[in-house]
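Accompanying notes for the structure given below.
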Amino acid sequence: MIKMILKGVMMGVANIIPGVSGGTMAVSMGIYDKMIHAATHLFSEFKKSMKILIPIVIGMGIGIVVLARIIEYMFVRIPFQTNLLFIGLIIGGLPAIAGKVKGKTIRLGHILAFLLFFGLVAGLALLGEQEGAAADLSFNVVNVVKLFGVGIVASATMVIPGVSGSMMLMLMGYYNPVLGEINGFIDHLIDFNVPGLLDGCKVLAPFGIGVVVGIFAIAKAIEIIFQKFPDHAYWAIIGLIAASPVAIFLMNNMGKITFISIATGVVALAAGIIIALKLGEE
């Protein structure tokens, strides 16, 4: 239970960092297949699915609400080391996913799947170097529908390994506005500011409903793909994961690089790999 919560924490933190994918982190933590199965069989295997999903959701909540601000501080103070820590967490998950295709014949379709999805992530990172114009979050019917749609898109990319949901929010101009609303909602909750909470719900409720709908919709699609084309799917995921470090370097500020930052960065990279390997163990 505690281990599953910790894995959820890693996913939660990953989902708010541009260039880092919550889906990739789920693969690294060894829970991706279980999470997809639980989401698509929620009603037919309710008790078993909830046993998996509840600790993950709790962990993600902790990661987003509590650790997000710590990670944000780390990105300001030690950006190079923090980025290498997340790269280590991603690399640490590669052996588990590579084991799915080990010993199998590599076909042209597998190579194309790898290259296509590697290029997709790298291309999105290049496009996402600068955030689009900040979105309008004023309360009206049009914006409610937009927020619902943005929630679906963001959640879908959070579930797909290698594609950063926060990066997609940046491209659509919703990253800073939505993150600001989340932080404001937390502050209002701490202060018991009911009017502020109600105002926050006008934005976060349609976005949150879209997130839930998107997760279940894309999870079903992913399950079908894994059933029909498992080897192609795994090679696509390997391509997505391999491109993630590239996306992190393109999307995030590395700060001033010195001998000390390189040395401590290597330690952070190794720590990330070890953490991912340990959490990925059954």
Look up atom [atom1] in [X] and atom [atom2] in [Y], then write down how far apart they are to the nearest 0.5 Å.
X: I111; Y: H232; atom1: CD1; atom2: NE2; answer: 10.5 Å
X: I58; Y: L6; atom1: CD1; atom2: CG; answer: 12.0 Å
X: I273; Y: L85; atom1: CD1; atom2: CG; answer: 10.5 Å
X: I36; Y: I52; atom1: CD1; atom2: CD1; answer: 11.5 Å
X: D199; Y: L204; atom1: CG; atom2: CG; answer: 11.0 Å
X: I190; Y: H188; atom1: CD1; atom2: NE2; answer: 11.0 Å

Is the closest side-chain heavy-atom distance between [X] and [Y] below 4.5 Å?
X: I56; Y: K7; result: no
X: F118; Y: V246; result: yes
X: W235; Y: L115; result: no
X: F114; Y: I106; result: no

Is the backbone of K220 close enough, under 3.5 Å, to the side chain of T40 for a donor and an acceptor to pair up by distance?
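No, because the side chain of T40 does not come within donor-acceptor range (under 3.5 Å) of the backbone of K220.
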Test item: S261 side-chain N/O and I257 main-chain N/O as donor-acceptor pair under 3.5 Å:
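It does not hold such a pair.
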With clusters defined by side-chain heavy atoms of hydrophobic residues (ILVMFWY) lying less than 4.5 Å apart, directly or transitively, does [Y] cluster with [X]?
X: I262; Y: L269; answer: yes
X: V211; Y: I54; answer: yes
X: F207; Y: F216; answer: yes
X: M254; Y: I87; answer: yes
X: L120; Y: I225; answer: no

Could you tell me how the ring of Y234 sits relative to the ring of F226: parallel (under 30°), tilted (30 to 60°) or perpendicular (over 60°)?
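Geometry flag for F226 against Y234: perpendicular rings.
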Please evaluate residues V266 and L84 with respect to the criterion side chain to side chain contact (heavy atoms under 4.5 Å, CB included), reporting the C-alpha separation (whole Å), side-chain torsions for both, the decisive distance (0.1 Å), and the verdict.
CA-CA 7 Å; V266 170; L84 284 181; 5.7 Å; no
Could you list the cluster mates of L198? Members are the ILVMFWY residues connected by side-chain heavy atoms closer than 4.5 Å, either directly or through other members.
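Via sub-4.5 Å side-chain contacts, L198 links to V194.
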Looking at [X] and [Y], what are the two nearest heavy atoms and their distance?
X: H41; Y: S49; result: O-OG, 3.2 Å
X: A268; Y: Q81; result: CB-O, 3.3 Å
X: I31; Y: M11; result: CD1-SD, 3.9 Å
X: C201; Y: P206; result: O-CD, 3.7 Å
X: G200; Y: E181; result: CA-OE1, 3.9 Å
X: V101; Y: D231; result: CG1-O, 4.5 Å

Could you walk me through whether I186 and I182 satisfy the side chain to side chain contact (heavy atoms under 4.5 Å, CB included) test, starting with their C-alpha distance in whole Å, then the side-chain angles of each, then the deciding distance to 0.1 Å, before giving a yes or no?
CA-CA 6 Å; I186 294 166; I182 292 172; 4.1 Å; yes
Quick check on side chain to side chain contact (heavy atoms under 4.5 Å, CB included): which of M50, H37, K51 does E45 satisfy it with?
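Exactly one pass, corresponding to H37.
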Passing option when F148 is tested against V150, V145, I152 for side chain to side chain contact (heavy atoms under 4.5 Å, CB included)
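The single option meeting the side chain to side chain contact (heavy atoms under 4.5 Å, CB included) with F148 is I152.
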